[in-house]
Amino acid sequence: MSLLMLTILSGDVFFMVQLTTRAVGQDAWITAQITSLWACLIIFIILGLGRLYPGKTLVEYIPLIIGRLPGKFLGMLYAVWFLLVTAMAVDSFGLFLNTTILTTTSPEVFVLSIMVLVFYALRSGLEVWARVNEILLPLVIAAILIVLCLALGVADFRRVLPVGEHSVGELLASSITPGSMRGLVLAAAMLIPALRDQKNLTRNLIGTVVGVGLILSLVNIMAVAVFGPENCSNLEFPFYNLARMIDMARIITRMELFIVLIWVFGVFIQICTLTYCSTMAAAQVAGVTKYQPLMFPIFVLITALATSGFQDVVQLRDFLESTWGGFGLLSFELTIPLLLYAAALLRKRHEVQKL
Amino acid sequence: MRKAVLVLALLVSILQTGCFGRVEINDLALVVAGALDVKKHAGQERILFTMQIANPMALVPDGGGGTGEKPFWTITGSGRDFRDAIDDAIKRMPKKPFFGQTRVLIIGEEAARKGIAFLDRALRSTEARPSNWLVLARGTGKSVLELEMPTFRASGLALNNLFQIQGYNDGIVPVSTNEFAYCLSTGNTCPVMPVVRVVPESSFQETARLPGGAPPKTIEIEGLGVFDYNGRLKGFLNPGETRGYLWIRGKARRNEVTARQTDKPDYLTALVISSQRKLEVKMAPDGIPQFKISVKNEAYLAEHYSYQHVTMNAEIFRDMERAIDKQIEKEMRSALRKCQLLGCDVFEFGEEVHRQHPREWQHLKDDWEILFPQVKVVVDSKTHISQCGLIYSAPPREVKLQ
């Protein structure tokens, strides 16, 4: 399940730090922990559904729960949802590189190059890029921890005080948007049937989201300790700036390339996972057994959406701040699966009574 | 077929090693330091931006470029704001300015008093770093950058070295752009900047005289400039007050403290090697916070001049510690008095109230500017002198300082 770790890690670390510090200042690290709870809730729901319909993916068992026609419709919505989220990830990939290091390169270059790479990886099947992920994940986590450790020299941890200044309500409200990012763990519902290790699913999935929560909390604490809460919320990419602050013994400086490495690796796996999910969803809604023929149209769609989606960073930030919470956690990631699970339980009980 | 495509792809990737925004390093003007000043021009205020641009060939000591080349060159542009001034300078530059190697940004005194905006560009630019140092120049920043020093040649690099080697020692307070922005972002902490000025060289060879017979010049860092809550220069702290600032902030590293022993005319100097601060905030019944600063220092005895020959013993040691403590407390009090007089909370006291009493702070934060000059502060220093160098008592027959 380490696939999902990278899928949710990069978005969390790069976009959620500034959004949560803007909402709750130095308490952002608490929000990161609350967010883990949302993600755990999602995991319990999709695992419950998975147990009721073993060997089937989300899109496959939706028609079994709510009937053929509405099921197909909802499945299609999920396919479109995955498609849009993928386009957002691809778009933000280009935006980050555009604002930080490759400022004069046109964004289409990033979009096309990552999409070609993802196309190549996905065409070879799930196992291929899952193995790539096994190499990249330790690298990314090591790079994050190295950057955090090196920034200790410029940190002032009194800036993280006072702890818990914000009320529980404010903290919960601030956890919705990052909850959507962490809620991408929903992709597990599309992947579970393909997994070899079915026994330790609960443990692995929960370990994944809690692990990401811990890393995010550490990044939050470091960013606030270095920049202060107000200052941090104003930064475009606090984690990137954190690396720019590093200056150890005048030798270890300019660590921002570590950040770019984390970003490129993380987003590659994220886009792979999400594209796989949208292609699978589309294929299963259409009732096709092999997803490969659908790949090309889906890729064209994603590329088109990504290049014409967000026109600038302000739109991306506005979207993340105001829409993403409702578009992710409050609808497709938590509420709909929850209703599906309730319906599925009722249906099963009904079937048992009939017998 | 597949192999052919693969080979072709590899070949193409080898050939395509460039990138979009590539500029040859020879075409880059490496700006090592910048300075902002203001100037009245035709009744309008213009911003002057001076860049000190390194000549990498001549910066290497006795390296290949020893052909009498200048180690750096400077260029000034003027405009309505920071960026406008750079644009103006570009018209006269045969190279592309590159700020990725910039280490120091100097603000001229006049510009600082006017409170000109510089943080936005310094933080927004992807080339400049938030870890760059900020320095306040007595007079103009331009004059600091135009100075060629005998020891380090480019004054911008010299400032950078000074901060990195001597930072937090002996009253030198390095301030990064990030630190400055942080103070302003809290809304209740005033930022500070170390002060640099151009002074005549105190010792030099006769051949080094400038044309006209004037002594050569160098730069000196002394004291701190205090800014108000909006980032305008309000006043200065002298070296003693600057050390007081370091004690209160708990940032002091190696600082020498010279003090007179109680009821003896003896002078001693202690080298404080580490200092730890504890800041307690108590809410008084009238709702105004009270502060207690306790500083714990670890020190070595660096010098001791005694009028009568005394053999060192534990009692004298304790007496010395008390003398050092008194001096440190005096420095802290003088820094406090000056800043309360200026009405600038440079000690993060407001933030400290916020951290220790978040609920009460909600009522105080809007009036902090008025409250800060009135708050009561108790200072307390506890120094422990742990060793006295390679001799025990002062040598007996030395001529004593009168």
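Each chain gets a letter, A, B and so on, in the order its sequence line appears, and its residues count up from 1. Since this is a predicted model, take the numbers as computed values, not measurements.
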Interchain contact, B:I165 with chain A, by part (heavy-atom threshold 4.5 Å): side chain
Donor-acceptor pair, side chain of B:N178 and main chain of A:V226, under 3.5 angstrom: yes
Counting heavy atoms not belonging to B:R121, are there more than 12 under 6.0 Å from its CZ? yes
Is it the side chain or the backbone of A:T103 that comes within 4.5 Å of chain B heavy atoms, both, or neither? side chain
Inter-residue atom distance B:Y182.OH - A:E230.CD, 0.5 Å rounding: 7.5 Å
Side chain from CB out, backbone as N, CA, C, O: work out which of these in A:E256 comes under 4.5 Å of a heavy atom of chain B, or both, or neither. side chain
Rounded to the nearest 0.5 Å, how far apart are CZ of A:F227 and CG of B:L123? 9.5 Å
Salt bridge between B:E352 and A:R159, side-chain N to carboxylate O under 4.0 Å? no
Measure distances from B:E351 to the heavy atoms of chain A and classify the residue's part below 4.5 Å as side chain, backbone, both or neither. neither
Heavy-atom check, side chain of A:P162 versus side chain of B:H354, under 4.5 Å: yes
Would you mind telling me which of A:D156, A:T99, A:L161 has the largest number of heavy-atom pairs within less than 4.5 Å of chain B? A:L161
Of the backbone (N, CA, C, O) and the side chain (C-beta and beyond), which part of B:S125 lies under 4.5 Å from a heavy atom of chain A, both, or neither? backbone
Keeping B:R129 on the side-chain end and A:M245 on the backbone end, is there a donor-acceptor pair under 3.5 Å? no
Can you tell me if B:K95 has over 12 outside heavy atoms packed within less than 6.0 Å of its NZ? yes
Side-chain donor/acceptor of B:R355 to backbone N/O of A:V160, under 3.5 Å: no
How many angstroms lie between atom CG of A:L235 and atom CZ of B:R124, to the nearest 0.5 angstrom? 11.0 Å
A:N241 and B:P130 have their tightest heavy-atom pair at ND2-CG, 4.2 Å
How about OH on A:Y120, more than 12 heavy atoms from neighbouring residues, nucleotides or ligands closer than 6.0 Å, or not? no
Residue from B:H357, B:Q164, B:E127 scoring the most non-hydrogen pairs under 4.5 Å with chain A is B:Q164
Can you confirm whether B:K251 is buried at NZ, in the sense that more than 12 heavy atoms of other residues, nucleotides or ligands lie under 6.0 Å from that atom? yes
Does A:Q292, at its CD atom, have more than 12 non-hydrogen atoms belonging to other residues, nucleotides or ligands within less than 6.0 Å? yes
